Every structure is written in C-alpha cells, then in structure tokens.
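Everything below concerns the one structure shown next.
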Amino acid sequence: MHDHHHHDHGDDDHDNHMDPMTARVRALETILTQKGLVDPAALDAIIETVETRIGPRNGARVVARAWTDPDFAARLRDDATSAVAEMGYGGRQGEHLQAVFNSDDEHNLVVCTLCSCYPWLVLGLPPVWYKSPPYRARAVRDPRGVLAEFGVILPDTTRIRVWDSTAELRYIVVPQRPAGTDGMDAEALAELVTRDSMIGCGLAQGPGT
C-alpha cells in the first residue's frame, strides 16, 4: 500500500522538496520536452558537459603547466585556443581564447561589459557577481577599487589592464606563480589556482594557505 502511494505521487513528492527555482526549471523542462521543443538527450549532454568536462579545474591545470613549462607558456601566450586544446580541452565557449599574463608591472582583469561572455571551457559557469551590472560598470571605471573590494591591493606602480570579453574572444588570466613553490609539481600547483585569480579579481594562493 505504501509502495503504491509512493508510485502514484513520487514525482510530486520530489517536486515538493525542490527549491522554487529548481521546481520552475523542472516544470519548464517538462513542458518544452512534452511539446517536442527540446530533446532530452541534448539536455543530458549539456548537463554532462557542465558537470564533468568544463570548469575552473581545467583552467587551473593550464595555468600550472604554464608555470612549469616555458615552451607551453609561450604557445599559450601566442594562441591560447590551440595550447589549451593540447591538453584535451576544447568545445563551445572556448573556441576563441586569449591568455593574458600577470607580472610585477601589470595586472589583468576580465569583464564583459555588455552581458556575461565567459570562457566556460576553462572557468566553468560565471559567478553571479560577474554578470551583475555594478561589476560590469565599475570594473572599467574603477578597476583598482573593484580589486580592493576583492581583497587585492596592488602597488600604485602596477598597471591594471581591463579586458572586455565578447562572444568572439574570451580571456583567461594567468596569475603570477606564488613565492615558495619552486619544489612543487604541476598537479600541486594547480591546487593554488583559484577561479577568481583566472578572472583577475584574485591572486593565486600561496602554499599552505
């Protein structure tokens, strides 16, 4: 009797435990699928890609290799799309990628002033603040102030360069390698690379932090 009740109302029971946004998305997906406007297999492929094939760990491995392999760093600087493809990372939102390297003299910050263009392939889905109008406006007008709000205080002598992403060209920042990491391999170094450091609103973490 219990099983029968669960079978009849199982989906509703699950829906009742969803947060409002998830329930709305599930309802929209169901309607579009039933009308034949969306292929469930295509949705599954997108979800699988987001969960397993793209994300900031890809970018962290790219940065760590650039830190440890000067020839790869040169290729990354010249043609980031091809260099990243060497590591097996390719696909949508990563077709036209440019890597910009931080140095003692220059710090790079990425924004999309028109919408939220972002290199999903190496950074995953964009954070909410990246899409917010205040960040998009202030990153251009007052990049030093925005960085300070993220806890990044740079010397006045460091030039801040702001890169505006578009659908045709997206950016990944290669942060400076932290001090005290000379004996670390690429795998360990990748753990020090944060998503924010690859947008430019953060720095790579030091060992032990």
Side-chain angles (χ1 to χ4, degrees), residues 54-78 80-81 83-84 87 89 93-94 97-113 116-132 134-165 169-209:
I54 69 173
R57 300 325 304 163
N58 290 354
R61 295 186 189 99
V62 169
V63 170
R65 184 173 176 187
W67 285 345
T68 56
D69 183 344
D71 291 338
F72 176 78
R75 294 195 297 277
L76 184 66
R77 190 186 297 273
D78 291 342
T81 305
V84 168
M87 299 182 67
Y89 307 141
Q93 317 299 337
L97 186 66
Q98 181 173 338
V100 290
F101 289 65
N102 286 348
S103 68
D104 289 339
D105 300 322
E106 186 169 272
H107 183 93
N108 297 282
L109 178 66
V110 179
V111 67
C112 178
T113 55
S116 58
C117 294
Y118 193 76
W120 293 9
L121 181 66
V122 286
L123 293 186
L125 299 179
V128 172
W129 55 260
Y130 183 84
K131 298 180 285 186
S132 69
Y135 174 78
R136 288 155 49 191
R138 293 189 57 235
V140 176
R141 293 200 311 264
D142 181 22
R144 196 174 293 275
V146 169
L147 288 173
E149 292 174 10
F150 278 97
V152 179
I153 309 297
L154 299 173
D156 291 340
T157 54
T158 301
R159 176 190 181 196
I160 300 174
R161 190 166 185 179
V162 180
W163 300 85
D164 193 0
S165 289
L169 185 59
R170 301 166 193 239
Y171 301 92
I172 177 174
V173 174
V174 179
Q176 287 185 284
R177 180 170 175 166
T181 59
D182 289 349
M184 298 176 66
D185 61 20
E187 183 177 354
L189 288 169
E191 296 298 320
L192 306 179
V193 182
T194 67
R195 176 202 63 193
D196 287 2
S197 72
M198 293 182 284
I199 300 173
C201 58
L203 303 175
Q205 298 176 334
T209 59

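These numbers come from a predicted model, not from an experiment. Starting from 1, each residue takes its place in the sequence as its number.
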ask   = Which is it for L147 and H107 under the side chain to side chain contact (heavy atoms under 4.5 Å, CB included) test, yes or no, and what are the steps along the way?
value = CA-CA 10 Å; L147 288 173; H107 183 93; 3.9 Å; yes

Q: Would you check, one step at a time, whether the test side chain to side chain contact (heavy atoms under 4.5 Å, CB included) holds for Y130 with C201?
A: CA-CA 10 Å; Y130 183 84; C201 58; over 6 Å; no

Q) Please walk me through it: do F72 and V62 pass side chain to side chain contact (heavy atoms under 4.5 Å, CB included)? A) CA-CA 9 Å; F72 176 78; V62 169; 4.2 Å; yes

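Side chain of R161 to backbone of L109: no donor-acceptor contact under 3.5 angstrom is found. Between the side chain of T81 and the main chain of L97, a donor-acceptor pair closer than 3.5 Å is present. When atom types are taken as modelled, the side chain of Y135 and the backbone of T113 share no donor-acceptor pair closer than 3.5 angstrom. Panel note: side chain T158, backbone L154; no donor-acceptor pair is recorded below 3.5 Å.
F150 has its ring centre less than 6.0 Å from the ring centre of W129.
For E149 and R138, the salt-bridge test passes: some basic side-chain N is under 4.0 Å from an acidic carboxylate O.
Closest of all the heavy-atom pairs between G180 and P207 is O-CG, 3.6 Å. Nearest heavy atoms, L192 versus P178: CD1-CG, 4.3 Å. Closest non-hydrogen pair, R141 versus P143, comes out as C-CD, 3.6 Å. Pairing each heavy atom of A139 with each of V162, the nearest pair is O-CG2, 3.5 Å. Pairing each heavy atom of P126 with each of S116, the nearest pair is CG-O, 4.4 Å. Among all heavy-atom pairs drawn from A186 and A64, the shortest one is O-CB, 3.3 Å.
For the pair V140/V111, a side-chain contact is recorded, criterion being any heavy-atom separation below 4.5 Å from C-beta on. With a 4.5 Å cut-off on side-chain heavy atoms, D105 and T157 do not count as touching. Residues R57 and R195 have side chains not in contact (no heavy-atom distance under 4.5 Å, counting atoms from C-beta outward). For the pair V173 and S197, the minimum side-chain heavy-atom distance is 4.5 Å or more. Here the side chains of Y118 and P127 are in contact, with some heavy-atom distance below 4.5 Å. Using a 4.5 Å cut-off on side-chain heavy atoms (C-beta onward), L203 and Q176 make no contact. Side-chain contact between M87 and R65 is present, with at least one heavy-atom pair separated by less than 4.5 Å. Two residues are said to be in side-chain contact when any heavy atoms from C-beta on lie closer than 4.5 Å; V174 and W67 meet this criterion.
Note that CZ of R159 is 15.0 Å distant from CG of D104, once rounded to the nearest 0.5 Å. For the atom pair SG of C117 and NZ of K131, the computed distance is 12.5 Å after rounding to the nearest 0.5 Å. Once rounded to the nearest 0.5 Å, the distance linking CD1 of I160 with CG of N102 reads 10.0 Å. Note that CG of N108 and CD1 of I199 are 13.0 Å apart. Values are rounded to the nearest 0.5 Å. We find the CD-CG distance between Q205 and L189 to be 12.5 Å, quoted to the nearest 0.5 Å.
Contacts of R177 classified as side chain to side chain donor-acceptor pair (under 3.5 Å), with partners at least two apart in sequence or in another chain: T181.
By the 6.0 Å and 45° rule, R77 stacks over the aromatic ring of F101.
Sequence neighbours left out, not one pair with a member in residues 179-209 passes ring pair (Phe, Tyr, Trp, His ring centres under 6.0 Å).
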